[in-house]
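Just so it is clear: chains get the letters A, B, ... in the order the sequence lines come, proteins before strands, and each one is counted from 1.
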2 protein chains.
Amino acid sequence: MRISIIGSGNVATHLAAALKNAGHQIIQIYSRNFQNAALLAYHVKAEAIDDLNKIDPSVELFIISVKDDAIADLAEALSAHQKLIVHTSGATLLSVVSSHTQNAGVFYPLQTFSKTKEVDFSTVPLCIEGATENITSVLEQLAKTISKSVYYVSSDQRKILHLAAVFACNFPNYLYEISRELLADHNLNFDLLRPLILETAEKVQDQIPAQVQTGPAIRNDEITMDSHLQLLTGQEYLQQLYVLLSQGIIKMDKAKHAAK
Amino acid sequence: MRISIIGSGNVATHLAAALKNAGHQIIQIYSRNFQNAALLAYHVKAEAIDDLNKIDPSVELFIISVKDDAIADLAEALSAHQKLIVHTSGATLLSVVSSHTQNAGVFYPLQTFSKTKEVDFSTVPLCIEGATENITSVLEQLAKTISKSVYYVSSDQRKILHLAAVFACNFPNYLYEISRELLADHNLNFDLLRPLILETAEKVQDQIPAQVQTGPAIRNDEITMDSHLQLLTGQEYLQQLYVLLSQGIIKMDKAKHAAK
């Protein structure tokens, strides 16, 4: 397909590269910041623009990959070209685009991207939604050229998915940071915990998290939990977090036993 | 070394196998449950026993790998044989063994083990501590036969390490379960999130978590956070958890900027 990318952030960067590698033509990269557009455009052999008046309308698809609150205005501006427009946001309804054009869809790669780390796009779940069955089918075909995991996900389901991703990714990463800081405060290297972090994530690749839960809370080991809270004396936020998470784990266990 | 293992749980199982593979002789496996002892003993070509009176004293090392609250009694019982005794617990002081014999140490593998999943022991950080410098040196040599990552960690440091591991492993696993349940409630497959979970853990293998934090909280994106809380209407516990973790992330960001 002939595709232009609106945006030059992490998602735009990885998506443009994956589409280019799959043989699609990236025509233009638009960004308000010309330098950002130029950098990405250079990598995918596209034209960089920072002015919506310079949009080349001879494409089949515009992919809007920008901050959520900027999607609506860009969709409106691009709708004049009467081409298929999709956004890549987990937290944004299809209607943010489809209220401007029926030629609308969502193309949401469910992964955390950083510019400095390579991602194997073939394993990234791609969640697609079209305003019509025909668009859904077009997006499904496109998605399958870059990923082995393509799912139809409605706007309502995508909201839940985005929320669940916060629990599965953003919050665990923050807990990693807490653990790193606890170690640093006691001259211990974060390398001590890195293999544990990786193993914990690998375990649930083919198992249910509840069934591989370990630690003092799932054993309801009050002595250990009390000693942990004592170690956190003076760090009220961490104590509160420790108690709240442990309470959840203890209840999860009970619910599991009750269900048996 | 000639080693007997006291216990037959996850840590005992993986440790016995790793030691056997490294060329050490596993003499006996003790468990109160004879069948458990027999199963592990079969795998490492050792004798299974369920009676402490049948302990073979002709070993160099007893490794006590049992529930934390059972360590002290076993250390006391074994101390009569006047051989080196170590425990494998992250949450237990050296003194729980060394109060019974000066021939005492700690041999703590910092990893989460399940019997059903293979672990590459060479990447597991091994935290050692000896009651004397000589014992520390013996344990260091032993540890290096099965792992590339051997650290001297004092009892005080190990307490912090164990606490940090709860934040780095047990709590994230629980958050994975929350995300799985959110998806299941809306007919979405947990496979959608599995690559994200793995990538999040892989990212911090060579980066600092704070520097790769993503999601609405780090952007202080109140609109998205509010919509997430609305999706959690009626699930007060999850709302409370969402708010508490998001507050921490928002503050982390501010602290980072303030430090610049």
Side-chain angles (χ1 to χ4, degrees), chain A residues 91 110-112 114 117 123-125 151 157 159-161 163-180 182-183 186 188 192-205 208-210 212-217 224 228 231 237 240-241 244-245 248-249 252, chain B residues 91 110-112 114 117 123-125 151 157 159-161 163-180 182-183 186 188 192-205 208-210 212-217 224 228 231 237 240-241 244-245 248-249 252:
Chain A
L110 210 179
Q111 186 52 282
T112 171
S114 49
K117 188 173 182 307
T123 65
V124 173
Y151 296 84
Q157 283 178 317
K159 278 193 212 171
I160 292 291
L161 193 52
L163 167 64
V166 170
F167 279 96
C169 162
N170 306 150
F171 290 163
N173 185 73
Y174 175 54
L175 296 177
Y176 301 158
E177 175 63 16
I178 289 174
S179 73
R180 191 192 67 78
L182 283 169
L183 294 193
H186 295 81
L188 287 162
L192 276 159
L193 286 180
R194 284 181 157 127
L196 179 67
I197 285 171
L198 191 58
E199 176 69 12
T200 304
E202 282 179 352
K203 253 189 191 177
V204 299
Q205 295 305 304
I208 301 296
V212 294
Q213 183 68 51
T214 55
T224 300
H228 283 169
L231 285 173
Y237 173 79
Q240 207 182 337
L241 191 55
L244 192 63
L245 283 162
I249 294 172
M252 172 180 82
Chain B
L110 209 179
Q111 187 52 284
T112 170
S114 48
K117 187 172 183 309
T123 65
V124 174
Y151 297 85
Q157 285 179 315
K159 278 193 211 171
I160 292 291
L161 193 52
L163 168 63
V166 171
F167 279 96
C169 161
N170 306 150
F171 290 163
N173 186 74
Y174 175 55
L175 296 177
Y176 302 159
E177 175 63 15
I178 290 174
S179 73
R180 191 192 68 77
L182 283 169
L183 294 193
H186 294 82
L188 287 162
L192 276 160
L193 286 180
R194 284 182 157 128
L196 179 68
I197 285 170
L198 192 57
E199 175 70 13
T200 303
E202 283 180 351
K203 254 190 192 176
V204 300
Q205 295 303 304
I208 302 296
V212 294
Q213 182 69 49
T214 55
T224 300
H228 283 169
L231 285 172
Y237 173 78
Q240 207 182 337
L241 192 55
L244 192 63
L245 285 162
I249 293 172
M252 173 181 79

Check your understanding: Taking only residues two or more places apart in sequence, or in another chain, which ones meet B:E199 in a side-chain hydrogen bond (donor to acceptor under 3.5 Å, both in side chains)?
Key -> A:K117

Check your understanding: How would you list, by chain and number, every residue that makes a side-chain hydrogen bond (donor to acceptor under 3.5 Å, both in side chains) with A:Q111, sequence neighbours excluded?
Key -> none

Atom pair [atom1]/[atom2] of [X] and [Y] - distance to nearest 0.5 Å:
X      : Y      : atom1 : atom2 : value
A:Q205 : B:R194 : CD    : CZ    : 7.0 Å
B:Y174 : A:T214 : OH    : OG1   : 14.5 Å
B:L161 : A:S179 : CG    : OG    : 9.5 Å
A:N173 : B:Q213 : CG    : CD    : 4.5 Å
A:Q240 : B:Q240 : CD    : CD    : 8.0 Å
B:I160 : A:H228 : CD1   : NE2   : 8.5 Å

Point to revise | Part of B:F171 lying under 4.5 Å from any heavy atom of chain A | key: both

Check your understanding: Side chain, backbone, both or neither: which part of B:I178 has a heavy atom under 4.5 Å from chain A?
Key -> side chain

Indicate yes or no: at least one non-hydrogen side-chain atom of [X] is less than 4.5 angstrom from one of [Y].
X      : Y      : answer
A:L188 : B:Y151 : no
A:I208 : B:E177 : yes
A:L241 : B:F167 : yes
B:V166 : A:P216 : yes
B:L196 : A:P125 : no

Revision key, fill the gap. Chain A shares the most heavy-atom pairs under 4.5 Å, among B:T224, B:T123, B:V212, B:V204, with B:V204

Check your understanding: Should A:L175 and B:L245 be marked as a side chain to side chain contact (heavy atoms under 4.5 Å, CB included) after you check the CA-CA gap, both sets of side-chain angles, and the distance that decides it?
Key -> CA-CA 9 Å; A:L175 296 177; B:L245 285 162; 4.0 Å; yes

Practice item. Check A:Y176 against B:P209 and note the closest heavy-atom contact, atom names and distance. Key: CB-CG, 3.6 Å

Point to revise | Among the listed options A:L182, A:L231, A:L192, A:L193, the residue most often paired with chain B at heavy-atom distances under 4.5 Å | key: A:L192

